[in-house]
Colleague: 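One structure follows; several queries about it will come next.
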Amino acid sequence: MSQDTPRTLRDELHSLRIDRKSARARSGPPRWVWLGGLALLLGAGGLFTWRATLGRTPVVSVVFAARSEPGAATTGPVLTGSGYIVTGEKYISIGVRVPGRVDAYLVDESERVTRGQPLVQLDRRDYDASLRQAEAGLQLARATLELRRIEVNRLRLLRGQDVASQSQLDVKESELRVAEAQVTQAEAAIAQARVNLDYTTLRAPSDGVILAKLKEVGEMAVPGGFAGSGDLIRMANLSDMRAELDVNEMDLAKVRLGQPAEVVPDAFPDRKYSAKVVKLYPQVNRQKGTLKVEVGIPEPDEWLRPDTSVRIVFFDDAKPASDAPDVALVTAPKSAIRGGDGGSFVWVVTQGRLRRQPITTGRELGDQVVVSDGLLGGEALVVGDPGAELADGDRVEVSPPAS
């Protein structure tokens, strides 16, 4: 009989039992540690989002309030509109006077030209041949005329000797007059041939700049036909530059001939050109309810180009010092003035912080408003929509001016 004691069923089941303490030790940190880490991550993400959106310092654009001293001559804008640069003589389309093939362009776009300068050369061979033919016709006519004169002189001598009849003399004298007319006709044909030959070279009718070439070298150009079919060059006289715009008929009382104005190109907002109203068109556009107005620019430069978009500001005539107000005049842009339950106010930026400043407004001067109380002039005023809710005392960042 064996010495080993046999294992019972209870011993076998006990050996299969799992030790929970050791298993928990091997499974890693407890659940509360994971939950705490997740909460920390969510908190950090929320803080980052708050700082990137609601917690970000607002960026604002500012304009300084203007101030004119007492007794100084003053002027202010009364109307602003958008228009385009045009020339006083509009555009000059240069077309052919005789049909021909475009042989060469002698100028390029944007090139400045002077009056009489050659611009386009047509094929002139046909017209050279026509001129030579007309010159030969003149030589023939002159030879015929010389012969008729000799015949008439001879016949007159014979008629005086009663050898020839009067009818024969009359015939020869008539032939002489015909020969003289043929010489005149040949001379006119030469003049016409020379004119046609000269027409093969298109010349500038005035000083200006080339805007466009309307046909290619080798194409045929013929005068007449449908509108513009014979045009080869479009140019403009840039010595008389103007800005043209449509003024609403409700604002016509603010515009008059000789009124000072200012022209600012949209492409170059830092460039300003003094101007003056030079033309009010005689008829209002009934469909649009506007009147076309032109302002002359006495000192244009190379930055102004035809069809450039511009902003035109019309000013009130400057008041003499005797009529100037006895107090300083402070103005602020309309975009800086805000309204609320307590009346009009502006946001003033001082050392990077906002201050809500109540104001009293007066008359409007174009896009400016007279501030009769609340501002001294020179304050930095927030303009436009800052894109965030502003409050008194908030810290803000001033955007740099556009270059």
Side-chain angles (χ1 to χ4, degrees), residues 82-131 192-245 263-275 278-279 292 294-312 403:
S82 298
Y84 299 91
I85 293 295
V86 298
T87 58
E89 298 177 357
K90 305 305 181 188
Y91 304 137
I92 305 171
S93 294
I94 304 172
V96 296
R97 301 286 296 273
V98 294
R101 182 178 60 84
V102 179
D103 203 27
Y105 280 98
L106 308 179
V107 292
D108 286 323
E109 288 91 347
S110 300
E111 185 174 339
R112 292 184 177 272
V113 297
T114 57
R115 181 184 180 90
Q117 179 177 339
L119 306 178
V120 186
Q121 181 61 57
L122 301 180
D123 187 356
R124 54 183 291 165
R125 291 174 295 179
D126 291 342
Y127 300 98
D128 279 328
S130 297
L131 178 58
Q192 183 63 55
R194 287 174 177 167
V195 170
N196 291 341
L197 181 61
D198 186 66
Y199 282 160
T200 60
T201 303
L202 276 66
R203 303 178 184 274
S206 64
D207 297 347
V209 65
I210 303 300
L211 300 181
K213 296 187 289 188
L214 305 179
K215 285 186 181 295
E216 299 296 331
V217 173
E219 288 190 69
M220 286 296 299
V222 294
F226 58 90
S229 63
D231 294 343
L232 300 183
I233 287 279
R234 182 177 294 126
M235 62 175 291
N237 184 0
L238 301 188
S239 62
D240 184 11
M241 299 290 286
R242 302 181 180 186
E244 180 182 87
L245 78 159
V263 176
V264 182
D266 292 347
F268 309 103
D270 57 331
R271 305 190 70 86
K272 297 176 173 35
Y273 300 87
S274 298
V278 295
K279 186 175 183 179
K292 198 173 294 295
E294 290 184 5
V295 298
I297 305 172
E299 297 181 359
D301 56 23
E302 68 277 5
W303 299 96
L304 287 180
R305 301 173 184 268
D307 291 336
T308 299
S309 299
V310 294
R311 180 169 54 88
I312 300 102
S403 57

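Along the sequence shown, residues are numbered consecutively beginning with 1. It should be emphasised that the depicted structure is a prediction, and the values quoted were computed from it without experimental measurement.
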Colleague: For a salt bridge (charged side-chain N to carboxylate O under 4.0 Å, His left out) check, start with the C-alpha distance between Asp126 and Arg124, then their side-chain angles and the critical distance, and finish with the verdict.
Modeller: CA-CA 6 Å; Asp126 291 342; Arg124 54 183 291 165; over 6 Å; no
Colleague: Flag the pair Gln117 / Val107 as yes when at least one side-chain heavy-atom distance between them is below 4.5 Å, and no otherwise.
Modeller: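 Yes, at least one pair of side-chain atoms sits under 4.5 Å.
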Colleague: Can you tell me how far the OG atom of Ser130 sits from the CZ atom of Arg125, to the nearest 0.5 Å?
Modeller: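 Between Ser130 OG and Arg125 CZ, I get 13.0 Å after rounding to 0.5 Å.
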Colleague: So Val113 and Leu119, do their side chains get closer than 4.5 Å, heavy atoms only?
Modeller: yes
Colleague: Calculate, to the nearest 0.5 Å, the distance between atoms CD1 and OH belonging to Ile210 and Tyr105 respectively.
Modeller: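 The OH atom of Tyr105 is 10.5 Å from CD1 of Ile210, to the nearest 0.5 Å.
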Colleague: Hey, could you give me the CG/CD distance between Leu211 and Glu109, rounded to the nearest 0.5 Å?
Modeller: 9.0 Å
Colleague: Could you tell me whether the side chain of Asp123 and the main chain of Gly100 form a donor-acceptor pair under 3.5 Å?
Modeller: no
Colleague: May I ask you to check whether Arg271 and Tyr273 show a side-chain donor-acceptor distance below 3.5 Å?
Modeller: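 Present: a donor and an acceptor within the cut-off.
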Colleague: Any side-chain heavy-atom pair from Thr308 and Tyr84 closer than 4.5 angstrom?
Modeller: no
Colleague: If you look at every heavy atom in Ala243 and Val263, which pair is closest and at what distance?
Modeller: CB-CG2, 4.0 Å
Colleague: Kindly indicate whether the side chain of Ile94, heavy atoms from C-beta on, has any atom under 4.5 Å from the side chain of Leu202.
Modeller: yes
Colleague: Does any part of the side chain of Val96, heavy atoms only, come nearer than 4.5 Å to the side chain of Val222, both counted from C-beta?
Modeller: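 They are not in contact (no side-chain heavy atoms under 4.5 Å apart), so the answer is no.
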Colleague: Where the side chain of Arg115 meets the backbone of Pro205, is there a donor-acceptor pair that is under 3.5 Å apart?
Modeller: yes
Colleague: Can you confirm whether more than 12 heavy atoms, excluding those of Arg234, are under 6.0 Å from its CZ atom?
Modeller: no
Colleague: Give me the atom names and distance for the closest heavy-atom approach of Leu106 to Pro118.
Modeller: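 Minimum heavy-atom separation between Leu106 and Pro118: CD1-CB, 3.5 Å.
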Colleague: So which atom in Pro298 and which in Ser274 form the shortest heavy-atom distance, rounded to 0.1 Å?
Modeller: CD-O, 3.2 Å
Colleague: Can you name the nearest heavy-atom pair linking Arg242 to Lys279, along with the distance?
Modeller: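 Closest heavy-atom pair between Arg242 and Lys279: NH1-CD, 4.2 Å.
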Colleague: Quick check on Glu216: does its CD atom have over 12 non-hydrogen neighbours (other residues, nucleotides or ligands) under 6.0 Å away?
Modeller: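 Open: at most 12 neighbouring heavy atoms sit under 6.0 Å from CD of Glu216.
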Colleague: I want to check something: taking the side chain as every heavy atom from C-beta on, are Gln121 and Val102 in contact at a cut-off of under 4.5 Å?
Modeller: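 Result no, sub-4.5 Å side-chain heavy-atom pair not found.
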Colleague: Between Asp307 and Arg305, is the closest basic N to carboxylate O distance under 4.0 Å?
Modeller: no
Colleague: List the steps and the verdict of side chain to side chain contact (heavy atoms under 4.5 Å, CB included) for Ile312 and Val295.
Modeller: CA-CA 9 Å; Ile312 300 102; Val295 298; 4.3 Å; yes
Colleague: In this structure, are over 12 heavy atoms from other groups packed under 6.0 Å from Arg101 atom CZ?
Modeller: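 Check passes, neighbour count above 12.
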Colleague: When you compare the side chain of Leu304 with that of Pro265, does any pair of heavy atoms fall below 4.5 Å?
Modeller: yes
Colleague: Kindly compute the distance separating CG (Leu245) from OG (Ser82), expressed to the nearest 0.5 Å.
Modeller: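 The CG atom of Leu245 sits 8.0 Å away from the OG atom of Ser82.
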Colleague: Would you name the heavy atoms of Met235 and Ser206 that are closest together and state the gap between them?
Modeller: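 Nearest pair, atom of Met235 first, then Ser206: CE-O, 3.4 Å.
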Colleague: Kindly compute the distance separating CG (Leu197) from CG (Leu122), expressed to the nearest 0.5 Å.
Modeller: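 Separation between the atoms: 10.5 Å.
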Colleague: Would you find more than 12 non-hydrogen atoms of other residues, nucleotides or ligands less than 6.0 Å from Glu219 atom CD?
Modeller: yes
Colleague: Looking only at heavy atoms, which two atoms of Met241 and Ile85 are closest? And how far apart?
Modeller: CE-CG2, 3.2 Å
Colleague: Given 3.5 Å as the limit, does a donor-acceptor pair link the side chain of Glu111 with the main chain of Val209, or not?
Modeller: no
Colleague: Is it true that Asn237 and Tyr91 share a donor-acceptor pair across their side chains at a distance under 3.5 Å?
Modeller: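 Absent: no donor and acceptor within the cut-off.
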Colleague: Evaluate the side-chain proximity of Glu302 to Leu238: yes if any heavy-atom separation is below 4.5 Å, no if none is.
Modeller: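 Contact flag for Leu238/Glu302 side chains = no.
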Colleague: Name the one of Asp231, Ile233, Leu232 that satisfies side chain to side chain contact (heavy atoms under 4.5 Å, CB included) with Lys215?
Modeller: Leu232
